[in-house]
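Chain letters run A, B, ... following the sequence lines, proteins first and then strands; every chain starts at 1.
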Number of protein chains: 2
Amino acid sequence: MQALAIRLKEKGLKATPQRIAIYKYLEDSKDHPSAETIYRTLRESHPTMSLATVYKTLDSLKKAGLLQQLNVGEDSFRYDADTHPHPHIQCVQCTRVFDLDPALLQNVSSEIRQTTSFQVLSQQVYFYGVCPDCQGSQREAVND
Amino acid sequence: MQALAIRLKEKGLKATPQRIAIYKYLEDSKDHPSAETIYRTLRESHPTMSLATVYKTLDSLKKAGLLQQLNVGEDSFRYDADTHPHPHIQCVQCTRVFDLDPALLQNVSSEIRQTTSFQVLSQQVYFYGVCPDCQGSQREAVND
DNA sequence: ATCTGTGCAAACATTTTGCATAGGT
DNA sequence: ACCTATGCAAAATGTTTGCACAGAT
């Protein structure tokens with residue numbers, strides 16, 4: 001992950017093990033984990049890392065434009081290394097969050113601009129439903 | 001507002017002055033206020049009403065299907081007496097939240113169902129931008 | 001040597017809860 | 001009289017902050 005270290009430094013951020021681990025975990029997993037989940041998972045490889053560092057790092061990476069914060073409506077935020085605006089869908093049964101195709105909303109912004117004269121800048125779009133895995137089977141909530 | 005009292009009782013809820021005031025305020029204003037804003041506003045007419053009552057009432061009304069909770073991404077929730085699913089847009093300058101036409105997303109749910117096999121149940125859709133009033137003029141954040 | 005990042009603990013803000021009292025039916 | 005709703009205070013939760021130390025350049 002040399003590329004990440006470079007991108008961090010471009011943003012004036014030091015490439016510390018904690019930051020690399022957090023970003024890498026976010027990038028690899030498609031789990032959209034919360035700060036708490038990140039903390040619990042990375043504790044194994046980084047036993048001294050504190051929860052405050054996780055929050056501070058997530059904040060730094062967000063400000064540097066390297067990740068986005070999701071507000072699915074739970075008690076806590078989730079984080080996504082994919083900074084392209086795209087809708088998400090959460091399964092109300094297993095609570096997992098999945099990405100949706102950005103094309104779903106591609107003409108909505110311009111339509112809003114035309115009908116409301118709003119200058120549209122960004123979006124947060126969440127759908128809720130039952131995922132294929134949970135349809136039929138009554139699976140439990142998953143930790144992601 | 002006799003109709004409201006009846007609707008409350010249909011849901012097994014007592015039609016107390018506090019509940020009526022909160023619901024009426026929500027219904028009349030298109031402000032999508034937070035619990036705190038509701039509290040501060042209704043304090044004038046209901047000086048003894050506590051913040052806890054506002055929260056409890058909002059929870060009861062939500063469970064009764066008489067309002068919906070919005071999660072615009074601020075520290076606190078906002079509330080909407082219009083329970084029909086519809087997108088919202090927030091002005092990043094004055095922080096006001098406006099309703100958008102539900103038709104904007106009318107075919108998105110079925111498209112999601114087709115492409116992901118998700119059974120879509122609900123949605124939370126927020127756009128962000130600069131409202132017509134704030135374009136050009138640098139207005140301050142409004143309390144709503 | 002400087003300067004940023006980390007880790008710990010305390011602080012913070014919103015929301016929830018417990019419990020005694022008030023008020024409606 | 002009963003039973004739910006209210007109001008107050010305390011608790012709970014996720015997140016932020018202050019500060020001293022560690023680590024990198």
Side-chain angles (χ1 to χ4, degrees), chain A residues 2 4-23 32-64 66-79 95 143-144, chain B residues 2 4-23 32-40 42-64 66-79 95 143:
Chain A
Q2 281 296 77
L4 171 60
I6 293 165
R7 292 179 67 193
L8 284 170
K9 285 181 187 166
E10 279 173 2
K11 306 287 183 178
L13 296 174
K14 284 187 185 171
T16 66
Q18 292 90 335
R19 286 175 178 172
I20 291 169
I22 289 170
Y23 184 82
H32 307 92
S34 66
E36 182 67 35
T37 302
I38 295 169
Y39 174 60
R40 281 204 315 273
T41 307
L42 294 186
R43 228 178 211 268
E44 295 164 30
S45 49
H46 299 73
T48 68
M49 184 167 61
S50 75
L51 185 55
T53 295
V54 175
Y55 277 109
K56 284 171 182 169
T57 294
L58 292 170
D59 189 53
S60 300
L61 295 178
K62 185 176 76 168
K63 282 176 178 153
L66 293 174
L67 59 78
Q68 65 172 313
Q69 198 179 42
L70 307 184
N71 196 348
V72 193
E74 298 168 312
D75 325 309
S76 49
F77 294 113
R78 287 168 176 262
Y79 297 87
T95 75
N143 226 359
D144 55 354
Chain B
Q2 281 297 76
L4 171 60
I6 293 165
R7 292 179 68 191
L8 284 169
K9 286 181 186 164
E10 280 173 2
K11 305 286 182 177
L13 297 174
K14 283 188 185 169
T16 64
Q18 293 89 335
R19 284 175 180 173
I20 291 168
I22 290 170
Y23 184 81
H32 309 90
S34 66
E36 181 67 33
T37 302
I38 295 169
Y39 173 60
R40 280 203 317 272
L42 294 185
R43 228 176 210 268
E44 295 164 28
S45 50
H46 299 72
T48 67
M49 184 166 61
S50 74
L51 186 55
T53 296
V54 175
Y55 276 110
K56 284 171 182 167
T57 295
L58 291 170
D59 188 54
S60 301
L61 295 178
K62 185 176 78 169
K63 281 177 180 153
L66 293 174
L67 59 78
Q68 65 172 312
Q69 199 179 41
L70 305 184
N71 197 349
V72 192
E74 298 168 310
D75 325 309
S76 49
F77 294 112
R78 287 168 176 262
Y79 297 86
T95 74
N143 228 0

Q: Taking the side chain as every heavy atom from C-beta outward, state whether Ile38(B) and Leu58(B) have any atom pair closer than 4.5 Å.
A: yes
Q) Can you find a pair of side-chain heavy atoms, one from Glu36(A) and one from Ser76(A), that are under 4.5 Å apart? A) no
Q: By nearest nucleotide on DNA chain C, pick out whichever of Asp59(B) and Lys9(B) is the more 5' one.
A: Asp59(B)
[N] OP1/OP2 closer than 4.0 Å to side-chain N/O of [X]:
| X | N | result |
| --- | --- | --- |
| Ser76(A) | dT13(D) | no |
| Thr53(A) | dG7(C) | yes |
| Thr48(A) | dG7(C) | yes |
| Tyr55(A) | dT15(D) | yes |

Whole angstrom is fine here: how far is it from [atom1] in [X] over to [atom2] in [N]?
| X | N | atom1 | atom2 | value |
| --- | --- | --- | --- | --- |
| Ile20(B) | dG24(C) | CD1 | P | 11 Å |
| Leu51(B) | dA10(D) | CG | C1' | 14 Å |
| Glu74(B) | dT15(C) | CD | C1' | 16 Å |
| Tyr39(B) | dT15(C) | OH | P | 14 Å |
| Arg19(B) | dT4(D) | CZ | P | 11 Å |
| Lys14(B) | dC2(D) | NZ | P | 14 Å |
| Arg40(B) | dT14(C) | CZ | P | 10 Å |
| Asp75(A) | dA13(C) | CG | C1' | 15 Å |

Q | Main-chain N/O of His32(B) paired with Arg78(B) side-chain donor or acceptor, under 3.5 Å | A | yes
**Q.** Spacing of OG1 belonging to Thr57(B) relative to CE belonging to Met49(B), to within rounding of 0.5 Å
**A.** 7.5 Å
Q: Under 4.0 Å between any heavy atoms, over every strand shown, what does Glu36(A) touch: base, sugar-phosphate, or nothing? Just pick one.
A: nothing
Q. Reckon Thr16(A) touches a base, only the sugar-phosphate, or nothing at all at heavy-atom distances under 4.0 Å?
A. sugar-phosphate
Q | Candidates dC8(D), dT15(C), dC8(C) - which lies nearest the side chain of Ala52(A) | A | dC8(C)
Q) Could you go step by step and tell me if Tyr79(A) and Gln68(A) meet the side-chain hydrogen bond (donor to acceptor under 3.5 Å, both in side chains) rule? A) CA-CA 6 Å; Tyr79(A) 297 87; Gln68(A) 65 172 313; over 6 Å; no
